[in-house]
Student: 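Below is one structure. I have some questions about it.
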Amino acid sequence: MSKTTKILIAVVVVFAAIYAIQRFTSRNSTTEISRPFAGVDTAKVNLVRIDYSKDITIERNNGIWDITSPVSSPASPGQMSLLLTRLAADPTATVVADNLSDSSAYGLGNGAPFASFGTSGGKTVTMRIGDVTPDFTGCYVQIEGDSKIYQLSTNLRSLIGQPLTEWRDKQIFSFSVSSVEDVDLALGDTLFHFFHRDTTWKVNNIPVPQSEAEGIVGRLIGSRALGFIDSTIPPAKVIVDYGITLNNRDHIAGQIFKSAESEATVGQICLSNSADHQTYTVSSMLPQTLLQQLRELQIDYLTKRKS
């Protein structure tokens, strides 16, 4: 038998052995793979409950997500979209332990966070969520009604573990500049009255360029919250009083102010909104920028026209 033939025979034997091992492994493997969100139509998910640092309930009505507990607040569309996208990807779950006696090793002991997802069709998936996997791409879970511990192929823990502030919608105003009819901005005794029709803007009855007016109005109504204050907070210093009238005659009013300093917090820049009776914390740059823009408007257009 030639050397070449012997090599070929050896190669065939090696491949045959590998094939036999794979066949044996596939027939005797105890690995179980499931898809806990199979059959969950994310378009029909209308209830999400999260118990992490706080018990949070989020409900969808007429396509709009709202937090109903522990506060009443619009939910962040971005956060909800990200969560539903992860569920819609139908992640796999692989068994890593057969009973909950091993739960502490996977972060599933007493006090582990849980999440529940309910649909309008009556289907609900509830799970406890354990530690993130070593590669940070997944997490360990225990599904209600199943004693096994699974490794979920997506990292729900880092998403579910976001604080309440991140689940709340940080958009303060729900309308655009095109919906605005009048805006009043009062800085002490100085009033700037913005009048808007189509593409025409007047301030204190003086025509001003559309870009200038919309730059100021857009700065206000496009502002986003940094945080939320769910109690009455007296202003230490009012910076701007504002009033906005929309084309549909709805009126929104409020103040931009600095809160009083206390032992618990330093003074914050806040914005109150009569439309939802909510007070937000905002960037200190918001009033600074508004005041600068109003000063420039006064110098460039209002003072010149008066003289």
Side-chain angles (χ1 to χ4, degrees), residues 14-58 60 65 69 75-76 78-167:
V14 170
F15 277 110
I18 293 172
Y19 176 75
I21 291 171
Q22 290 176 335
R23 292 281 294 174
F24 178 81
T25 301
S26 64
R27 286 196 303 267
N28 293 278
S29 175
T30 58
T31 300
E32 295 180 34
I33 297 177
S34 66
R35 294 183 180 273
F37 301 109
V40 175
D41 184 352
T42 53
K44 295 182 179 180
V45 171
N46 61 1
L47 177 64
V48 175
R49 283 197 62 205
I50 299 168
D51 186 1
Y52 197 80
S53 57
K54 285 189 176 182
D55 193 348
I56 303 172
T57 301
I58 310 172
R60 175 158 57 181
W65 284 101
S69 178
S76 166
Q79 279 289 100
M80 297 310 299
S81 176
L82 179 58
L83 177 60
L84 294 179
T85 297
R86 293 206 182 173
L87 302 187
D90 196 18
T92 59
T94 305
V95 173
V96 293
D98 290 326
N99 59 72
L100 293 179
S101 62
D102 300 319
S103 60
S104 59
Y106 297 96
L108 288 162
N110 293 334
F114 82 85
S116 179
F117 310 94
T119 71
S120 57
K123 185 177 179 63
T124 300
V125 175
T126 301
M127 60 177 61
R128 289 197 299 158
I129 303 175
D131 293 338
V132 174
T133 54
D135 61 2
F136 300 102
T137 61
C139 62
Y140 302 107
V141 300
Q142 186 261 319
I143 301 165
E144 186 177 76
D146 190 338
S147 62
K148 296 181 177 64
I149 296 173
Y150 292 87
Q151 178 176 321
L152 192 66
S153 61
T154 191
N155 182 1
L156 273 187
R157 184 182 179 101
S158 295
L159 178 57
I160 293 297
Q162 296 293 314
L164 175 62
T165 298
E166 294 305 311
W167 292 101

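One-based numbering along the sequence shown.
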Student: With ring pair (Phe, Tyr, Trp, His ring centres under 6.0 Å) as the rule and sequence neighbours excluded, what pairs involving residues 130-150 come up?
Tutor: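 Passing the test, one end in residues 130-150: Y106-Y140.
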
Student: Indicate yes or no for a side-chain donor-acceptor contact from R49 to the backbone of D55 under 3.5 Å, with no hydrogens or angles considered.
Tutor: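 Flag not set: sc R49 to bb D55 has no pair under 3.5 Å.
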
Student: Which pairs, with at least one residue in residues 117-132 and sequence neighbours excluded, count as a side-chain hydrogen bond (donor to acceptor under 3.5 Å, both in side chains)?
Tutor: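 For residues 117-132, and leaving out neighbouring residues, the side-chain hydrogen bond (donor to acceptor under 3.5 Å, both in side chains) pairs sorted by first residue read S116-T126, R128-Q142.
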
Student: What heavy-atom pair brings L159 and W167 nearest, and what distance separates the two atoms?
Tutor: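 Closest approach of L159 to W167, heavy atoms only: O-CZ2, 3.4 Å.
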
Student: Return the minimal non-hydrogen interatomic distance between G130 and L108, and the atom names on each side.
Tutor: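 Where G130 meets L108 most closely, the heavy atoms are N-CD2, 3.3 Å.
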
Student: To the nearest 0.5 Å, tell me how far T42 OG1 sits from L87 CG.
Tutor: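 If we round to the nearest 0.5 Å, T42:OG1 and L87:CG are 7.0 Å apart.
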
Student: Can you list the residues that meet the side chain to side chain donor-acceptor pair (under 3.5 Å) rule with N99, with sequence neighbours excluded?
Tutor: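 With neighbours one apart ignored, the set is S101.
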
Student: Which heavy atom of T133 sits nearest a heavy atom of C139, and at what distance?
Tutor: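 Taking T133 first and C139 second, the nearest heavy atoms are CG2-N, 3.7 Å.
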
Student: By side chain to side chain donor-acceptor pair (under 3.5 Å), which residues pair with N155, not counting sequence neighbours?
Tutor: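 Only S158 meet the side chain to side chain donor-acceptor pair (under 3.5 Å) criterion with N155.
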
Student: Rounded to the nearest 0.5 Å, how far does CZ of F37 lie from CG of L156?
Tutor: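 One finds 5.0 Å between CG of L156 and CZ of F37.
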
Student: Looking at residues at least two apart in the chain, or sitting in another chain, which of them share a side-chain contact (heavy atoms from CB on, under 4.5 Å) with S153?
Tutor: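 Counting only residues at least two positions away or on another chain, S153 forms a side-chain contact (heavy atoms from CB on, under 4.5 Å) with P91, T92.
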
Student: Side chain of R157, backbone of V132: donor and acceptor closer than 3.5 Å?
Tutor: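 No, the answer is negative, given that no donor and acceptor are paired below the 3.5 Å cut-off.
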
Student: Only one of L47, D51, V48, I50 clears side chain to side chain contact (heavy atoms under 4.5 Å, CB included) with T57; which?
Tutor: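 Between T57 and the candidates, side chain to side chain contact (heavy atoms under 4.5 Å, CB included) is satisfied uniquely by L47.
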
Student: Mind checking side-chain contact (heavy atoms from CB on, under 4.5 Å) for N110 and listing every partner two or more places apart, or none if nothing turns up?
Tutor: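 Expected list: none.
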
